[in-house]
Amino acid sequence: MQVEPVKVIDSHTGGEPTRVVIAGAPDLGEGPLAARVQRFRQHHDAFRRAVVNEPRGSDVLVGALLCEPHAADCVTGVIFFNNVGYLHMCGHGTIGLMVTLGHLGRIGLGRHRVDTPVGVVEATLEPDNFVALANVPSYRYAKEVALQVPNYGTVRGDIAWGGNWFFLVKQHQQQLSAARVSALTAFCQAIRDTLDREGIRGADGQPIDHVEIFGPPSSAAADGRNFVLCPGGAYDRSPCGTGTSAKLACLAADGVLEEGQVWRQESIVGSIFEGAYQREGDRILPRIRGQAFVNAEATLLFHPGDPFAMGIPLPTDGEAPA
Ligand code: PYC
């Protein structure tokens, strides 16, 4: 069991929390970050649970473990994780990370490279806690895949990569309002269960672990609203950086958003990310801009007599996390 205290800084990006581990993390060795995630998963998964699961954390919390970058000229490496496993990339988390590094005085305003398990991303720290993230190349993998979803009937959606795998649904009977979070969660969970049952996956057989549904915005300040179900069952309070990248890839593929044109994506709690893209071959290069605030500096303590010092295990713990 972990005994050394762990230093963390909490922030939120459009309402979605990120907990950056700045000291006390296990040593994951050297090499590409994709290999280091495997070591994290195989040898230190209890640390993940201890940082983000109850009783210290909650289902919605995303953890960010800082590590030495492998790629050249990066200000840091980062591995994102949540209540059930590891994220390939995290947009809101990178925005929170940049504001956190700024808060610590480790970076100044301007452009910085960050190493992640799915490649280097660039993020620009701007005044007033805004961050513009140049995310990984994104693309639509499949268009209008029809699912027979128990209790909901036929649901059609696109499969797209935006740094994580998404199933994106434009047409449905759901009203997107914060008061309907339970119903929206049940709908998206039923979609994800169907994807799993039918063996529908992203490229290289990767699980589609995020479901994103769309509706009209609540005001003229945005172009659309979304609700995003994350892998561990929580919904994203932010408009989801990787989800907005996947959305941009679909808008680009449908020819309804021009290169450089801004798409303002509203979340279910009303926060907004601005997104735009440039084409690169058959991919797009998404740029996502949002704002984050540091809201706690804390030390996580591990009492030897605490039966839940390493977090309350979920029923899925012990299964291979995504
Ligand atoms: O912002 O990319 C994101 C994200 C993924 C899961 C939660 N937030």
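Order of listing sets the numbers, starting from 1, for every ligand and every atom in it. In what follows, residues are counted from 1 in the order of the sequence shown. Everything numeric here is computed off the predicted structure, so don't read it as measured data.
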Interatomic distance, CG@D236 vs CD@E16, rounded to 0.5 Å, equals 4.0 Å
Taking only non-hydrogen atoms of G241 and a 4.0 Å limit, the atoms of ligand 1 in range are 1 (O), 2 (O), 3 (C)
Between side-chain atoms of residues 20-36 and protein atoms elsewhere (two or more places apart, or another chain), which donor-acceptor pairs fall under 3.5 Å?
unit_1: D27; atom_1: OD1; unit_2: G29; atom_2: N; d: 2.9
unit_1: R36; atom_1: NE; unit_2: G31; atom_2: O; d: 2.9
unit_1: R36; atom_1: NH1; unit_2: E68; atom_2: O; d: 2.8
unit_1: R36; atom_1: NH2; unit_2: G31; atom_2: O; d: 2.8
unit_1: R36; atom_1: NH2; unit_2: E68; atom_2: O; d: 2.9

We want to know whether Q291 and T13 form a side-chain donor-acceptor pair, criterion being a heavy-atom distance below 3.5 angstrom.
no
If only side-chain N and O atoms count, and only distance matters, is there a donor-acceptor pair under 3.5 Å linking Y86 with D45?
yes
Should [X] be counted as touching ligand 1, given the test is an N or O pair under 3.5 Å?
X: D236; answer: yes
X: T242; answer: yes
X: H210; answer: no

Any M89 heavy atom less than 4.0 Å from ligand 1:
no
Less than 3.5 Å apart, which donor and acceptor atoms pair up between the side chains of residues 161-168 and the rest of the protein, not counting sequence neighbours?
unit_1: N164; atom_1: OD1; unit_2: H88; atom_2: N; d: 3.3
unit_1: N164; atom_1: ND2; unit_2: M89; atom_2: O; d: 2.8
unit_1: N164; atom_1: ND2; unit_2: T242; atom_2: OG1; d: 3.2

